[in-house]
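Just so it is clear, the values below take in all heavy atoms, side chains as well, and ignore hydrogens, waters and symmetry mates. Below, chains carry the letters A, B, ... as their sequence lines are ordered, and counting in each starts from 1.
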Amino acid sequence: MNVKITLPDGSVKEFQEGVKGIEIAQSISEGLARNALAIEVNGEIWDLSRPIAKDSSIKIFTWNDKGGKYAFWHSSAHLLAEALEILYPGVKFGIGPPIENGFYYDVDLGGKTFGDDDLAAVEKKMIELARLNNAFVRSDVPKKDAIDYFKKKGDEYKLELIEGLQDGSITFYQQGNFVDLCRGPHIPTTGPIKAVKLLNVAGAYWRGDEKNKMLTRIYGITFPKQKELEEYMYIVEEAKKRDHRKLGKELELFAFSEKVGMGLPLWLPKGTIVRERLEQFMRKAQVKAGYDPVVTPHIGSKQLYVTSGHYEKYGKDSFQPIHTPDENEEFLLKPMNCPHHCEIYKVKPRSYKDLPIRYAEFGTVYRYEQSGELHGLTRVRGFTQDDAHIFCRPDQVKAEFIAVIDLVLHVFKSLGFGNYTAQVSLRDPENKQKYIGGDELWDKAEREIQEAADERGLKTVAVKGEAAFYGPKLDFMVRDALGRSWQLGTIQVDYQLPQRFELEYVGADNQRHIPVMIHRAPFGSLERFVAVLIEHCAGNFPLWLAPEQFAVLPISEKFNAYAKSVVAKLKEIDIRGFLDDRDEKIGRKIRDAEIKKVPFMLIVGEKEVAENKVSVRKHGEGDKGSLDLMDFVNQFKADFSLPV
RNA sequence: GCUGUUGUAGCUCAGGGGUAGAGCACUUCCUUGGUAAGGAAGAGGUCGAGGGUUCAAUUCCCUUCAACAGCUCCA
């Protein structure tokens with residue numbers, strides 16, 4: 001019997017039944033066979049040594065394919081486990097999957113500590129084992145035998161995993177003396193794993209549950225060539241240079257103080273300029289989009305949050321109430337702005353003709369985040385949202401939602417964020433008690449969000465369990481320099497709070513109706529947005545945001561007076577900058593301005609004074625020749641001001 | 001919050017049971033220099049905080065605070 005194998009280019013080849021991936025690769029070319037790591041068979045990734053019994057479409061995976069890398073790293077995880085079992089007899093294993101960059105294995109070392117120093121020894125053992133070029137051998141195992149094996153071995157984690165599996169679907173993989181419960185696939189042998197780097201050790205809860213035991217998670221990455229490992233480590237180092245915490249310190253944008261308290265950022269003068277420019281940009285965009293700015297206090301009575309439901313949900317895990325001399329009085333630091341905005345809505349009766357009403361506020365909120373969560377400016381305990389709440393009629397929801405999507409996309413476009421992902425954050429249907437409100441309204445809100453996103457042609461990923469407790473969200477996620485994903489913009493449809501706050505409007509039918517509320521924050525928070533922006537542009541802000549747009553550098557003291565007049569003229573037309581009149585050589589002044597990432601250096605000496613010009617040098621680009629000051633300004637005028 | 005690592009000058013870091021060191025930054029002086037570091041001198045530290053061991057602790061031990069990595073969480 002022959003089987004028909006369809007290749008990715010659409011061509012069909014016939015092989016004998018039971019043909020293996022590696023044989024197909026060999027039939028195509030020697031080179032492919034040499035580089036092949038795994039095979040995709042009808043959408044499933046298989047080992048190259050697994051026989052193919054029926055007509056199939058296949059694709060051979062090499063290192064250049066994601067599937068190939070995953071098989072490679074998955075196999076590397078097993079190699080790590082094999083090394084650990086030799087070096088730490090009695091070690092128990094949790095799970096060891098491939099991840100985006102490398103792999104990890106969760107292990108229970110039975111109370112032994114394992115630090116960064118121990119990584120090198122394990123690495124060495126892994127390389128030693130890889131050189132043995134042992135095959136990864138797959139075998140089908142009846143559930144009973146699988147249980148017996150791990151019972152005998154005494155690995156309760158694997159036993160727990162097996163219990164959740166169907167009999168008949170259990171496979172083992174073995175390389176050398178190491179046997180693991182595993183679905184596969186794996187690369188043919190350990191040989192191709194040439195370069196090994198164990199990156200770090202961290203704790204991780206068994207099965208991701210805080211109530212379970214914490215295992216030791218060892219992260220690593222491997223490559224088929226030493227050179228590729230070196231390149232990877234170089235890229236990681238480069239990414240670290242973009243870290244907003246590092247740049248924030250170097251460029252004097254923000255700081256933290258132990259005395260003020262953890263997670264409470266202090267905005268330094270330069271950071272404040274960036275932040276305020278972003279605010280100006282957003283204010284302008286919001287005026288255009290029909291928002292009304294409002295201002296509300298930083299605290300609110302406890303009753304406000306009992307009404308909103310926040311107190312019940314977060315009260316005990318939050319900053320605790322503020323007390324006053326009046327025994328019965330309690331205030332909370334505001335964790336969000338919506339309740340205040342609801343009360344603004346309520347100051348007078350509303351007609352259907354008034355809607356939509358859009359209240360916008362740069363509202364500073366305080367949330368008691370777990371100490372281990374705090375991270376630079378991306379996760380803080382006091383931050384300012386570019387918040388707004390739209391109160392509208394049910395028939396206006398979609399149009400309003402779409403208008404907000406457009407605003408978010410305008411922001412991303414203006415700041416050059418090209419690679420964001422749009423995530424529809426839905427409720428976890430298994431865990432409904434986490435949320436307030438009935439099924440009908442939730443379903444409606446979830447549907448409306450998806451429809452609005454589709455209408456704007458957004459590619460979305462739906463994720464269950466990520467909704468806010470009062471409603472589903474459309475979240476815009478952007479990655480930081482180290483590949484960690486952060487939520488920036490967010491848009492949420494909410495049918496719950498208007499009910500809780502008894503918001504109303506009088507309809508055309510002269511009846512009372514409940515409005516729908518849309519929460520939205522295109523930046524998310526100024527703190528997180530600035531953090532991601534810093535990493536995005538590596539501290540080289542667009543000209544309109546740069547804290548210092550120019551530096552005037554006189555060649556010597558003799559030209560300080562002229563330099564001062566240049567600074568004064570630019571400041572007069574709201575261009576920001578400073579004079580470097582230190583007693584240093586021009587080379588030094590240029591170097592320092594370059595390090596500070598000042599976009600323009602205006603160098604003035606004898607020649608410039610005589611011709612009434614400035615010599616323009618652009619950050620990272622070098623000398624641009626000399627120009628009349630006003631010609632310089634006009635040339636870059638559009639870049640100095642807020643984007644439209 | 002949990003596990004692990006770290007904490008020495010403004011910054012980046014070295015050191016180590018006998019009360020500290022480098023480079024950069026800073027101050028002063030010399031130098032007036034044309035597109036990424038001119039020279040010299042000086043000043044600067046309860047070695048994160050609290051306790052313990054010791055004749056003696058910044059160094060060893062404990063506790064605590066903070067930062068970092070990951071987990072968990074995220075209105």
Participant: Can you tell me, in whole Å, how much space there is between the P of C62(B) and that of G4(B)?
Facilitator: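 Nearest-Å result for C62(B) against G4(B) at atom P: 13 Å.
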Participant: Which value, in whole Å, describes the distance between the P atoms of nucleotides C24(B) and G39(B)?
Facilitator: 9 Å
Participant: Across all strands, who's sitting opposite G33(B) as a Watson-Crick or G-U wobble pair, both distances under 3.5 Å?
Facilitator: none
Participant: Which value, in whole Å, describes the distance between the C1' atoms of nucleotides U8(B) and G45(B)?
Facilitator: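 About 8 Å, rounded to a whole number of Å.
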Participant: Both distances below 3.5 Å, Watson-Crick or wobble geometry, any strand: find the nucleotide opposite C74(B).
Facilitator: none
Participant: Which value, in whole Å, describes the distance between the C1' atoms of nucleotides G44(B) and G10(B)?
Facilitator: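 Nearest-Å result for G44(B) against G10(B) at atom C1': 10 Å.
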Participant: Quick one: do Arg207(A) and Asp106(A) make a salt bridge, cutoff under 4.0 Å?
Facilitator: no
Participant: Distance check, P atoms only: U46(B) and G52(B), in whole angstrom units.
Facilitator: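 The same atom, P, in both gives a distance of 22 Å.
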Participant: Name the pairing partner of U54(B), where a pair is Watson-Crick or G-U wobble with both distances under 3.5 Å, or state none.
Facilitator: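 Looking at the geometry, U54(B) pairs with no nucleotide.
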Participant: Just the rounded figure in Å: distance from P of G4(B) to CG of Leu215(A).
Facilitator: 13 Å
Participant: Before accepting this row, confirm whether a basic side-chain N of the pair Glu400(A)/Arg358(A) lies closer than 4.0 Å to the acidic partner's carboxylate O.
Facilitator: yes
Participant: Taking NZ, NE, NH1 and NH2 as the nitrogens, is one of them in Asp428(A) or Lys434(A) under 4.0 Å from a carboxylate oxygen of the other?
Facilitator: no
Participant: Between Leu304(A) and His310(A), does the side-chain contact (heavy atoms from CB on, under 4.5 Å) criterion hold? Intermediate values first, please.
Facilitator: CA-CA 9 Å; Leu304(A) 184 66; His310(A) 290 100; over 6 Å; no
Participant: Locate the shortest heavy-atom distance separating Lys597(A) from His619(A); write the atom from each residue and the value.
Facilitator: CA-CE1, 3.6 Å
Participant: Tell me whether the NZ or CZ atom of Arg381(A) lies within the 45° cone about the ring axis of Tyr366(A) and under 6.0 Å from its centre.
Facilitator: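 Output no; distance or angle outside limits.
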Participant: Quick one: look up who G4(B) pairs with, Watson-Crick or G-U, both distances under 3.5 Å, and put none if it's unpaired.
Facilitator: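 When the pairing criteria are applied, C68(B) turns out to be the nucleotide that pairs with G4(B).
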Participant: Assign a letter to each nucleotide of nucleotides 62-75 of chain B from its 5' end: B, base within under 4.0 Å of a protein heavy atom; S, sugar-phosphate only; -, no contact.
Facilitator: ---SSSSSBBBBBB
Participant: Establish, from distance only, whether the side-chain atoms of Gln303(A) and Tyr311(A) form a donor-acceptor pair under 3.5 Å.
Facilitator: no
Participant: Kindly write out the residues that satisfy ring pair (Phe, Tyr, Trp, His ring centres under 6.0 Å) with His341(A), not counting sequence neighbours, or none if the list is empty.
Facilitator: His389(A)
Participant: Does the pair Phe417(A) and Phe476(A) meet the rule for a ring-ring contact (aromatic ring centres under 6.0 Å, His included), with working shown?
Facilitator: CA-CA 11 Å; Phe417(A) 285 131; Phe476(A) 292 82; over 10 Å; no
Participant: Distance check, P atoms only: A66(B) and G50(B), in whole angstrom units.
Facilitator: 16 Å
Participant: Check the distance between U3(B)'s C1' and Asp106(A)'s CG and give it to me in whole angstrom.
Facilitator: 12 Å
Participant: Among Leu80(A), Leu109(A), Leu199(A), find the one that has a side-chain contact (heavy atoms from CB on, under 4.5 Å) with Ile218(A).
Facilitator: Leu80(A)
Participant: For C13(B), which nucleotide is its Watson-Crick or G-U wobble mate, given both distances must be under 3.5 Å?
Facilitator: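 The base-pairing partner of C13(B), which may sit in any strand shown, is G21(B).
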Participant: List the protein contact pattern of nucleotides 30-46 of chain B with one symbol per nucleotide (5' to 3'): B for base contact, S for sugar-phosphate-only contact, - for none; contact means a heavy-atom distance under 4.0 Å.
Facilitator: BBBBBBBBB--------
Participant: Give me the distance, rounded to whole Å, that separates C73(B) from U5(B) when you measure between the P atoms they each carry.
Facilitator: 24 Å
Participant: Please state the C1' separation for the pair C68(B) and U31(B) - nearest whole angstrom.
Facilitator: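 Each nucleotide's C1' atom is 45 Å from the other's.
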Participant: When both hydrogen-bonding distances must be under 3.5 Å and the geometry is Watson-Crick or G-U wobble, what is U27(B) paired with, if anything?
Facilitator: A41(B)
Participant: So what's C47(B) paired with, Watson-Crick or G-U wobble, going by both distances under 3.5 Å?
Facilitator: none
